[in-house]
Amino acid sequence: MKLTFKKSEKLTSRIIIDLIFAEGKTLKKYPVLLKYLPVEFRDKEPLKVVMSVPKRRIKKAVDRNRIKRLMREAYRQNRMPFKEMLIKEEKSLALFFIYNGKENPDFTAIEEKIKLILKELGSVISKETKEEL
RNA sequence: UUAGUAAACCGUCUUGUCGCGCAGACAUUAAUUGUCUUCGAGGAAAGUCCGGGCAACAAAGAGCAUCAUACUUCCUAACUGGAAGGAUUCGCCUUAGGCGAAUACAGCUAGUGCCGCAGAAAAUAUACCGCCUCGGCCGCAAGGUCAGGGUAAGGGUGAAAAGGUGAGCCCUCCUUUGUGAGGGAUAAAGCCACUUCGGUGGAUGAAAGUAAGAGCUCACCGCGCUCAAGGCGACUUGGGUGGCAGGGUAAACCUUAUGAGUUGCAACAUCAUGUAAACCAAGGCUUGAAGCUUGCUCGGCUGAACUUGGAGGGUAGAUGGAUUGAACCCCAGAGUGAUUUGGGGUCUAGAUAAAUGGCAAGAUUUUCAGACGCAAGUCUGGAAAACAGGACCCGGCUUAUAGGUUUAUUAUUUUU
RNA sequence: GGUCCUGUGGCCGAGCGGUUAGGCAGUGGUCUGCAAAACCAUCUACAGCAGUUCGAAUCUGCUCGGGACCU
């Protein structure tokens with residue numbers, strides 16, 4: 001499987017984003033915060049994602065754009081194991097990453113946190129499926 | 001050569017690999033997907049401070065209100081923009097000119113308001129103290145007190161005290177040439193007379209003062225008005241006149257002139273979805289309910305497809321708008337210049353929860369440490385590379401910005 | 001993206017161009033056996049930079065914060 005990152009893997013529906021904020025669950029690994037929610041997508045994509053940096057925390061547009069790009073890159077390189085697991089368990093998820101720090105980070109730090117979060121989320125999901133069974 | 005100032009321009013680069021966005025070609029699929037190729041952030045993309053394009057409002061028309069602008073001419077699609085010029089102020093050089101900088105630069109002589117504190121007085125100079133004088137009273141006198149009149153010489157203040165400067169008795173004598181002596185002239189008040197009650201005349205008198213000074217008079221400058229010459233014009237130069245009335249403040253109200261219809265691409269159009277211009281109740285039919293039209297009025301428009309209440313449902317996403325344009329580059333011409341005319345060439349981001357990134361290697365510049373070297377410098381290792389990210393599009397303005405290049409100019413050093 | 005509003009001590013909040021009110025809080029005192037309350041005193045401000053004006057929190061321009069509305 002290739003490490004491409006097409007538009008179909010991005011979450012663009014405003015309705016689902018509102019749903020995540022209303023009903024989603026939260027995982028924190030400072031400075032990254034993840035909100036997620038199990039959702040059925042029309043195009044059968046198992047995983048859709050949003051990257052967000054609040055204007056309140058990071059003032060400059062250049063820095064916001066850069067942090068989003070770094071987060072996207074880290075997610076692109078490290079999501080595959082998690083995605084394969086989801087396909088195996090026949091689930092679909094909507095993810096919403098929020099950068100909650102005030103500093104301008106470098107790539108390795110972001111990558112580490114994203115890896116950690118994906119791993120933890122994976123264990124949580126597999127636990128839930130076992131309980132359902 | 002070095003440093004300063006001003007203006008203009010540039011504003012890290014290369015390769016590999018994994019990825020991203022628009023478009024095109026080819027292949028492929030039920031939908032789709034894959035491969036390749038071209039292109040892919042800025043000088044400010046920012047602030048949203050001006051202006052315009054564009055769009056909607058069944059009119060956008062008039063008046064008022066509101067807002068904006070304000071030396072002149074020109075440029076421009078337009079402008080709180082730019083160019084050239086004028087005036088004022090400041091600085092420098094040196095001299096009656098030159099150079100440079102700054103200027104929200106219409107009108108307080110249309111009206112109204114304000115000018116705290118201090119000060120006698122802050123805009124009609126209403127005389128507070130002082131000075132002079134006349135009268136009454138007290139007192140032996142010196143003087144005191146009360147009331148009236150004159151006088152702008154003096155008065156701490158204040159940002160500012162009424163445009164600025166100068167002049168404002170005469171003769172004789174002395175010589176210590178003055179705040180001297182003598183003589184003459186002169187104001188107001190008071191006194192007497194007359195009176196049309198506004199004043200007029202007369203006598204007395206000689207204090208202060210005729211140094212300085214002044215709000216009084218005169219002259220000049222300045223201001224105003226006006227004429228002539230030059231200039232498209234702002235204005236400049238020169239002459240005449242006689243009003244001296246006119247302190248500051250309009251980024252105080254305001255006046256004058258000019259301009260602005262309002263709202264903004266989340267405008268707006270099309271498609272899709274939706275029984276939804278549907279259902280129930282009340283009001284309301286051309287002698288006109290009600291609504292729309294920019295803040296108001298007039299005017300205009302719609303004309304039962306309307307208004308109010310009830311009950312209830314759906315959409316909330318795709319396309320256009322959207323990138324070929326007052327576009328950019330080169331050459332030639334016009335113009336002092338902003339700019340413009342002609343010719344040739346180029347196509348140069350179009351995303352939509354929003355594309356430029358990650359990793360690796362190298363180069364360039366700066367800087368730090370160490371080594372070598374007399375020095376210029378060389379080598380090794382580390383760090384840093386500004387301000388900052390399109391969101392309908394353009395023209396400006398403003399603000400942020402490491403470093404570099406060019407030109408002009410000023411000073412300095414060296415050589416000739 | 002667009003259209004607007006706003007900024008005064010630690011907090012709230014007045015302010016007509018002329019010395020920045022007032023309340024709460026803080027600090028020190030009086031009072032009390034000790035506190036509280038009360039009373040007295042005191043500390044700390046006009047977001048920043050320019051301009052207009054004799055004089056600016058106030059008027060004007062620019063910059064920097066904070067907030068609201070429009071889908």
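Naming convention: chains lettered A, B, ... in sequence-line order (proteins, then strands); numbering from 1 in each chain.
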Inset, instruction - Taking the side chain as every heavy atom from C-beta outward, state whether L27(A) and L33(A) have any atom pair closer than 4.5 Å. - result: no

Inset, instruction - Examine G357(B): is either OP1 or OP2 under 4.0 Å from a nitrogen or oxygen in the side chain of R76(A)? Give yes or no. - result: no

Legend entry - Qualifying residue, where the test is side-chain contact (heavy atoms from CB on, under 4.5 Å) with P38(A) and the options are L93(A), I125(A), L86(A): L93(A)

Inset, instruction - Using a 4.0 Å heavy-atom cut-off across all strands, classify R64(A) as base, sugar-phosphate, or nothing. - result: nothing

Legend entry - Stepwise side-chain contact (heavy atoms from CB on, under 4.5 Å) check, N78(A) with E111(A): CA-CA 8 Å; N78(A) 295 291; E111(A) 192 178 25; 3.4 Å; yes

Inset, instruction - If the glycosidic angle is within 90 degrees of 0 it's syn, otherwise anti, so just tell me which one U348(B) is. - result: syn

Legend entry - Any-strand Watson-Crick or G-U partner of A189(B), both distances under 3.5 Å: none

Inset, instruction - Could you tell me which nucleotide pairs with A47(C) by Watson-Crick or G-U wobble geometry, both distances under 3.5 Å, or answer none if nothing does? - result: U63(C)

Legend entry - Hydrophobic cluster of L70(A), others only, ordered by chain and residue number, side-chain cut-off 4.5 Å: F107(A)

Inset, instruction - Output the distance between atom OH (Y99(A)) and atom CE (M71(A)), rounded to the nearest 0.5 Å. - result: 9.0 Å

Legend entry - Pair partner, A68(C) [Watson-Crick or wobble, under 3.5 Å]: U3(C)

Inset, instruction - Using atom CE of M80(A) as one end and atom C1' of C18(B) as the other, report the distance to the nearest whole Å. - result: 13 Å

Inset, instruction - Provide the closest heavy-atom pair for A74(A) versus I114(A) in the form atom of the first, atom of the second, distance. - result: CB-CG1, 4.1 Å

Inset, instruction - Assign G91(B) to syn or anti; the rule is syn for a glycosidic angle within 90° of 0 and anti otherwise. - result: anti

Legend entry - Pairing partner of C220(B) (Watson-Crick or G-U wobble, both distances under 3.5 Å): G164(B)

Legend entry - Whole-angstrom distance between C218(B) and C169(B), as gauged at atom C1': 16 Å

Inset, instruction - Please state the P separation for the pair G135(B) and U157(B) - nearest whole angstrom. - result: 41 Å

Legend entry - Side chain of F107(A) - closest among A388(B), C359(B), C18(B): C359(B)

Inset, instruction - Sticking with atom P, work out how far G98(B) lies from G86(B), rounded to a whole angstrom. - result: 11 Å

Legend entry - Separation of G19(B) C1' from M71(A) CE (nearest whole Å): 17 Å

Inset, instruction - Send over the distance from I110(A) CD1 to G357(B) C1', rounded to a whole Å. - result: 13 Å

Inset, instruction - Determine the Euclidean distance between corresponding C1' atoms of C374(B) and U405(B); express it in Å to zero decimal places. - result: 35 Å

Legend entry - Closest-nucleotide 5' rank along RNA chain B - winner of V49(A) and V62(A): V49(A)

Legend entry - Nucleotide paired to U356(B) in any strand shown, Watson-Crick or G-U, under 3.5 Å: none

Inset, instruction - Calculate the interatomic distance between E73(A) atom CD and G19(B) atom P; express it in whole Å. - result: 10 Å

Legend entry - Nearest non-hydrogen partners of R72(A) and M51(A), listed with the distance: CA-CE, 4.0 Å

Legend entry - Residue whose nearest RNA chain B nucleotide is more 5′ - T108(A) or D63(A): T108(A)

Inset, instruction - List for me each residue that meets side-chain hydrogen bond (donor to acceptor under 3.5 Å, both in side chains) alongside S123(A), sequence neighbours excluded, and say none if there are none. - result: none

Legend entry - Distance, rounded to the nearest Å, where R79(A) contributes CZ and C18(B) contributes C1': 12 Å

Legend entry - Proximity to the side chain of L70(A) - top-ranked nucleotide from C359(B), G357(B), G389(B): G357(B)

Inset, instruction - Apply side-chain contact (heavy atoms from CB on, under 4.5 Å) to L95(A) and Y75(A), showing your working. - result: CA-CA 11 Å; L95(A) 305 183; Y75(A) 173 79; 4.2 Å; yes

Inset, instruction - Nearest whole angstrom, please: distance from the P of U356(B) to the CE of M51(A). - result: 13 Å

Inset, instruction - Just label G43(B) as syn or anti from its O4'-C1'-N9-C4 or O4'-C1'-N1-C2 angle, using within 90° of 0 for syn. - result: syn

Inset, instruction - Quick one: look up who A260(B) pairs with, Watson-Crick or G-U, both distances under 3.5 Å, and put none if it's unpaired. - result: U66(B)

Legend entry - Rounded distance in Å between the C1' positions of U340(B) and C75(B): 9 Å

Inset, instruction - Determine the interatomic distance between P on G163(B) and the same-named atom on A125(B); round to the nearest Å. - result: 11 Å

Legend entry - Mate of C20(B) where both pairing distances stay under 3.5 Å, Watson-Crick or G-U: G40(B)

Inset, instruction - Measure from the side chain of R72(A), starting at C-beta and using heavy atoms only, and say which of A388(B), G390(B), A354(B) lies closest. - result: A354(B)

Legend entry - Glycosidic class, syn or anti, of C16(C) using a 90° window around 0: syn

Could you write out each protein N or O paired with an N or O of nucleotides 39-43 of chain B at a distance under 3.5 Å?
{"residue": "A41(B)", "atom": "N1", "partner": "R69(A)", "partner atom": "NH2", "Å": "3.4"}

Legend entry - Separation of atom CZ in F96(A) from atom C1' in A353(B), rounded to whole Å: 8 Å

Legend entry - Who pairs with C225(B) - Watson-Crick or G-U, where each distance is under 3.5 Å: G240(B)

Legend entry - Integer angstrom distance from the C1' of C92(B) to that of U5(B): 16 Å

Legend entry - Distance, P atom - from U2(B) to U367(B), rounded to whole angstrom: 16 Å

Legend entry - N-glycosidic conformation, A311(B) - syn within 90 degrees of 0, else anti: anti

Inset, instruction - Of all the heavy-atom pairs spanning L118(A) and R79(A), show the shortest one and how long it is. - result: CD1-CA, 4.0 Å

Legend entry - Between C1' of C359(B) and CG of N78(A), the distance in whole Å: 13 Å

